[in-house]
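Structure record follows, encoded as structure tokens.
What you see is a predicted model, and the numbers here were worked out from it, not measured in a lab. One is the number of the first residue; the rest follow in order along the sequence. Every number for a ligand or one of its atoms is a count from 1 in the order of the listing.
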Amino acid sequence: MNQGKIIILAIESSCDDTSAAVIADGVILSNVVAGQKVHEEFGGVVPELASRAHQQNIIPVVETAIKRAGIQKNEISAVAFTNGPGLLGSLLVGTSFAKGFSLANNIPLIEVNHLKGHVLALFIKENGIEYNPPKFPFLCLLVSGGNSQIIMVRNYLEMEVIGQTIDDAAGEAFDKCAKVMGLPYPGGPHVDKLAKTGNPHRFVFSQPRIPDLNYSFSGLKTNFLYFLRDNLKGNENFVQENLADLCASLQFTIIEILINKLRKAAKQTGINEIAVAGGVSANSGLREALRENAAKLKWNLYIPKFEYTMDNAAMIAITGYFKYLNGEFAGQNIVPFAHTEI
Ligand code: KG4
């Protein structure tokens with residue numbers, strides 16, 4: 001059935017999700033993600049615990065991915081893995097596993113940049129679902145827990161960051177503000193849910209004045225923290241009594257900041273193929289704002305399927321596939337990097 005197909009097994013272990021996926025000629029066959037509950041009680045990811053959990057998860061996750069894909073190990077053409085950016089200890093687990101797998105099965109090794117993976121998630125094909133990827137060149141708003149960037153995507157493997165955060169990422173702003181409201185980690189999805197019943201114009205928070213296409217979220221975070229502190233002095237139940245409005249107003253501000261620069265980028269470049277990627281692209285308010293802007297400004301908008309927005313190995317597999325086609329392979333001396341550019 002898979003004869004002649006290029007089959008990529010991919011591993012993603014850059015943060016706190018252990019994931020493995022299999023794709024054949026760009027069509028997804030399996031995508032398995034094991035989260036790590038161990039961090040919840042700490043209100044954030046603890047790097048040492050993350051790498052230990054990856055070590056426990058990686059073999060069962062890979063075995064499940066291969067089984068669900070319905071393939072044999074000897075059908076795999078290459079093994080791809082995330083080599084950064086991310087937590088070094090976590091990356092090392094995936095890198096070491098991929099190297100071992102490559103040696104043991106005598107197949108090529110492909111290193112993948114995690115951020116490129118988020119962007120190329122837009123090109124994952126699914127059996128029975130219409131394939132409608134963006135056309136080159138397109139602009140991609142990449143918003144995750146660690147990044148907020150506007151990327152000019154010229155080709156599958158040719159990308160340029162034209163704007164990025166100078167401090168916190170959008171996901172960090174969601175998570176840190178959620179934390180001061182006492183919401184569980186990661187706070188982004190909780191803020192999204194609570195915002196649905198709140199008034200986004202009830203509270204006004206500060207927006208940065210940053211030149212060019214860059215972002216900044218640290219001012220908003222501080223503004224939000226001081227606002228809560230001041231109001232809690234007069235009413236210790238201020239947060240509980242206003243939770244939905246606080247979430248809605250915070251989310252509204254983050255979305256305004258993100259969309260304003262994206263509009264500026266589209267205008268400056270004259271590009272109307274617009275995509276969004278990364279964990280924060282799961283945000284319902286952001287998706288709605290993007291759709292509104294697309295209708296108004298005649299953008300062709302591309303939003304990845306929900307399961308491919310969060311950290312997952314399917315996006316590493318599709319990137320690995322394009323690198324395979326391009327003949328870009330890594331040697332056994334490859335090492336992961338905590339910080340790497342796209
Ligand atoms: O892409 P991702 O899974 O990991 C990184 O590579 O960073 O993104 C995780 C981030 C977290 O900050 C999380 O709070 C945020 O994405 N997030 C959301 C939503 N779902 C996930 N933020 C806002 N609204 C959501 N629905």
Side-chain angles (χ1 to χ4, degrees), residues 12-19 21 31 33-36 39-40 43-45 47 50 54 82-87 90-91 94 112-122 140-149 151 164-165 168-181 183-196 198 200 215 217 220-221 224 246-259 275-290 303-316 319 336 338-340 342:
E12 152 65 32
S13 70
S14 64
C15 192
D16 60 339
D17 291 311
T18 318
S19 180
N31 182 36
V33 184
Q36 301 179 355
H39 309 286
E40 272 171 17
V45 177
H54 282 305
T82 307
N83 86 320
L87 300 171
S90 293
L91 289 164
V112 170
N113 179 294
H114 179 82
L115 305 175
K116 265 198 182 117
H118 271 305
V119 176
L120 295 181
L122 291 152
C140 185
L141 174 68
L142 173 57
V143 271
S144 69
N147 290 278
S148 297
Q149 301 182 324
I151 302 163
Q164 63 185 323
T165 181
D168 290 351
E172 245 174 310
F174 269 111
D175 295 344
K176 287 180 178 167
C177 293
K179 191 172 176 182
V180 296
M181 289 189 283
L183 297 174
Y185 178 86
H190 296 279
V191 173
D192 189 358
K193 199 167 162 211
L194 288 159
K196 287 192 170 82
Y215 288 117
F217 289 98
L220 168 63
K221 185 185 65 186
F224 191 79
L246 282 167
C247 289
S249 303
L250 170 70
Q251 180 167 298
F252 175 82
T253 313
I254 295 175
I255 293 171
E256 279 258 306
I257 297 171
L258 290 172
I259 296 270
V276 62
V280 180
S281 69
N283 185 270
S284 57
L286 178 61
R287 285 177 176 229
E288 200 180 307
L290 284 165
I303 303 180
K305 215 175 147 191
F306 188 76
E307 64 184 288
Y308 304 134
T309 60
M310 309 299 277
D311 285 351
N312 66 87
M315 68 186 200
I316 305 304
T319 311
H339 302 283
T340 51
I342 203 161

Set of residues satisfying ring pair (Phe, Tyr, Trp, His ring centres under 6.0 Å) with respect to H114, sequence neighbours excluded: H118

Salt bridge (charged side-chain N to carboxylate O under 4.0 Å, His left out) against K305, all qualifying residues, sequence neighbours excluded: E126, E307

T18 and Q36, any side-chain heavy atoms less than 4.5 Å apart: yes

Pair N312, S19: side-chain N/O donor-acceptor within cut-off below 3.5 Å: no

Partners passing salt bridge (charged side-chain N to carboxylate O under 4.0 Å, His left out) against K221 (at least two apart in sequence or in another chain): D168

Residue from D311, V112, V33 passing side-chain contact (heavy atoms from CB on, under 4.5 Å) with E12: D311

Close residues, ligand 1: non-hydrogen atom nearer than 4.0 Å: H114, H118, S144, G145, G146, G171, F174, D175, P186, G188, P189, D192, G278, G279, V280, A282, N283, T309, M310, D311

